[in-house]
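This report concerns only the one structure given below.
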Amino acid sequence: MMQVRTPLTVITGPLGSGKTTLLRHILDIFPQKIAILINEFGEIAIDSKIVQGKNVEMADLGGGCVCCSLLGEFEAAVNEIIDSVAPDYIIVETTGVAEPDALVFDIQESLPTVRLDGVVTVMDADSIIKYPSIGHTTRIQIAAADTILLNKADLVSESELEQIEAKLRSINEIATILPTIRCKVDSDLLFGIGRERVQPLPHHVHQPEFESFSYTSSANFNRDCFDDFVASLGTDVYRAKGFIRFEDRIYLFNFVAGRWELEPFEQDATELVFIGKQLLPKRAEIIERLKLCHTSF
Ligand SMILES: Nc1nc2c(ncn2[C@@H]2O[C@H](COP(=O)(O)OP(=O)(O)OP(=O)(O)O)[C@@H](O)[C@H]2O)c(=O)[nH]1
């Protein structure tokens with residue numbers, strides 16, 4: 001008997017565009033048993049701690065890029081998860097800095113146990129308005145999409161949204177483009193896409209532009225001091241995320257392109273990841289400033 005192929009969706013999109021937000025939304029609305037594979041950029045895995053649910057199985061693909069060096073590990077993880085939990089559905093979240101074409105090619109060519117249902121690309125409307133020139137990696141993420149969620153629609157005007165839509169359309173003529181707020185979209189627009197288009201073998205020139213470092217601590221932090229620290233990150237840091245312990249409790253911290261949010265979250269300690277272009281020379285100074293916000297050890 002022929003084995004039934006498990007449908008698989010790839011979620012991609014630039015740093016901080018809303019991929020984890022989409023996963024959290026999917027877990028709220030999608031009743032089937034889902035296995036999620038996350039490939040993160042940064043030494044500490046944050047996303048897999050944020051995405052939690054009853055009917056969900058998680059696997060971390062580790063730091064690195066599933067677009068190239070990790071493909072073997074990816075295939076092994078998919079097969080292992082099918083054997084061990086037999087999910088109804090598999091979702092792969094790629095890092096924001098990954099070009100998904102090699103991954104898509106690999107799924108279609110080398111994974112007979114799965115069927116690529118579709119590629120969903122989450123775009124950040126706020127960031128496109130702030131940084132209008134679309135980089136090489138983002139362009140590939142847009143071009144590979146079957147569905148594009150034009151997310152953070154609440155942060156831009158109607159006419160800006162139209163401008164962005166035209167820009168996306170010029171890179172991808174066939175994808176469905178859906179403006180969203182916090183990736184709220186019906187599951188039938190995400191799943192059952194039944195992608196038929198085949199990804200040709202990509203010619204991969206991997207240009208790592210972003211650098212990251214992480215910081216962990218068991219100290220308490222002062223909230224006002226931390227607010228000032230975040231405000232001073234400027235343009236050195238494009239993305240930061242993780243957990244921070246203030247005097248009252250621990251919060252999930254999310255910073256993208258100068259905007260940030262804190263959300264009460266169950267976690268044990270402060271763990272932060274910082275991502276930016278040419279960031280490593282600034283690492284020591286950034287950590288020094290953060291440590292000034294300690295209130296206790
Ligand atoms: N205002 C607004 N904020 C949003 C929206 N969607 C997501 N966010 C926020 O954007 C931040 C980043 O969202 P994530 O879902 O963590 O982004 P991501 O793509 O998983 O990030 P990486 O995995 O680091 O690339 C969080 O603070 C979210 O709450 C939206 O539609 N509107």
Side-chain angles (χ1 to χ4, degrees), residues 1-13 19-122 141 144 146 187 190-195 198-199 201-202 204 206 212 214 241 267-268 271 273:
M1 200 183 83
M2 223 180 82
Q3 193 186 6
V4 179
R5 292 175 165 225
T6 308
L8 181 151
T9 293
V10 172
I11 296 178
T12 181
K19 298 176 294 295
T20 307
T21 302
L22 175 59
L23 285 177
R24 292 171 88 182
H25 171 63
I26 289 170
L27 295 184
D28 280 346
I29 61 166
F30 198 66
Q32 279 105 313
K33 195 201 291 179
I34 306 180
I36 297 176
L37 283 99
I38 295 185
N39 172 218
E40 276 204 76
F41 183 70
E43 303 145 46
I44 304 184
I46 300 289
D47 292 3
S48 51
K49 295 184 181 141
I50 303 175
V51 180
Q52 295 151 345
K54 267 198 307 265
N55 224 355
V56 57
E57 196 68 33
M58 301 283 312
D60 270 316
L61 289 166
C65 179
V66 82
C67 52
C68 29
S69 54
L70 287 178
L71 282 177
E73 195 179 318
F74 169 71
E75 288 173 26
V78 166
N79 289 325
E80 189 191 318
I81 219 153
I82 290 177
D83 289 345
S84 59
V85 292
D88 299 314
Y89 219 99
I90 297 176
I91 298 179
V92 182
E93 180 194 344
T94 72
T95 88
V97 298
E99 285 131 33
D101 46 0
L103 175 67
V104 168
F105 178 81
D106 188 61
I107 292 166
Q108 292 183 321
E109 277 293 303
S110 314
L111 273 174
T113 49
V114 302
R115 169 179 67 73
L116 179 65
D117 183 46
V119 177
V120 176
T121 300
V122 183
Q141 293 172 342
D146 297 294
S187 63
L190 292 173
F191 303 120
I193 294 175
R195 177 185 175 111
V198 172
Q199 170 67 50
L201 180 63
H204 225 245
H206 194 52
S212 83
S214 55
K241 60 182 171 181
Q267 262 309 307
D268 305 326
E271 283 189 325
V273 174

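- The shortest side-chain heavy-atom distance between Q199 and V119 does not fall under the 4.5 Å cut-off.
- The line from CZ of R115 to OG1 of T9 is 8.5 Å long, rounded to the nearest 0.5 Å.
- Residue D146 holds its CG atom at 5.0 Å from CD1 of I193, rounded to the nearest 0.5 Å.
- Judged purely by atom type and a 3.5 angstrom limit, E93 has no side-chain atom pairing as donor or acceptor with the backbone of K19.
- Nearest approach of T12 to A98, heavy atoms of both residues: OG1-O, 4.3 Å.
- Atom CD in E109 sits 12.0 Å away from atom CG in L116 (nearest 0.5 Å).
- Using a 4.5 Å heavy-atom threshold, the side chains of L190 and F30 count as separate.
- Remark: the backbone N or O of L8 is not paired with any side-chain donor or acceptor of D117 at under 3.5 angstrom.
- If you take CG on L111 and CD1 on I82, they are separated by 7.5 Å, rounding to the nearest 0.5 Å.
- Taking both residues in full, the closest heavy atoms of A77 and L37 are given as CB-CD2, 3.4 Å, listed atom of the first, atom of the second, then distance.
- Taking CD1 of I38 as the reference point, atom CD1 of I11 lies at 9.0 Å (rounded to 0.5 Å).
- A donor-acceptor pair is defined here as one N or O able to donate and one able to accept, closer than 3.5 Å; such a pair exists between the side chain of N79 and the backbone of E75.
- Residues V273 and S214 meet the side-chain proximity criterion, which asks for heavy atoms closer than 4.5 Å.
- Within the 4.5 Å cutoff, side-chain heavy atoms of F191 are placed close to those of I91.
- Distance check, rounded to the nearest 0.5 Å: CD1 of I26 to CD of Q32 gives 11.5 Å.
- Checked by atom type and distance alone, the side chain of T121 pairs as donor or acceptor with a backbone atom of Q141 at under 3.5 Å.
- Across all non-hydrogen atoms, the minimal contact from A35 to I81 is CB-CD1, 3.8 Å.
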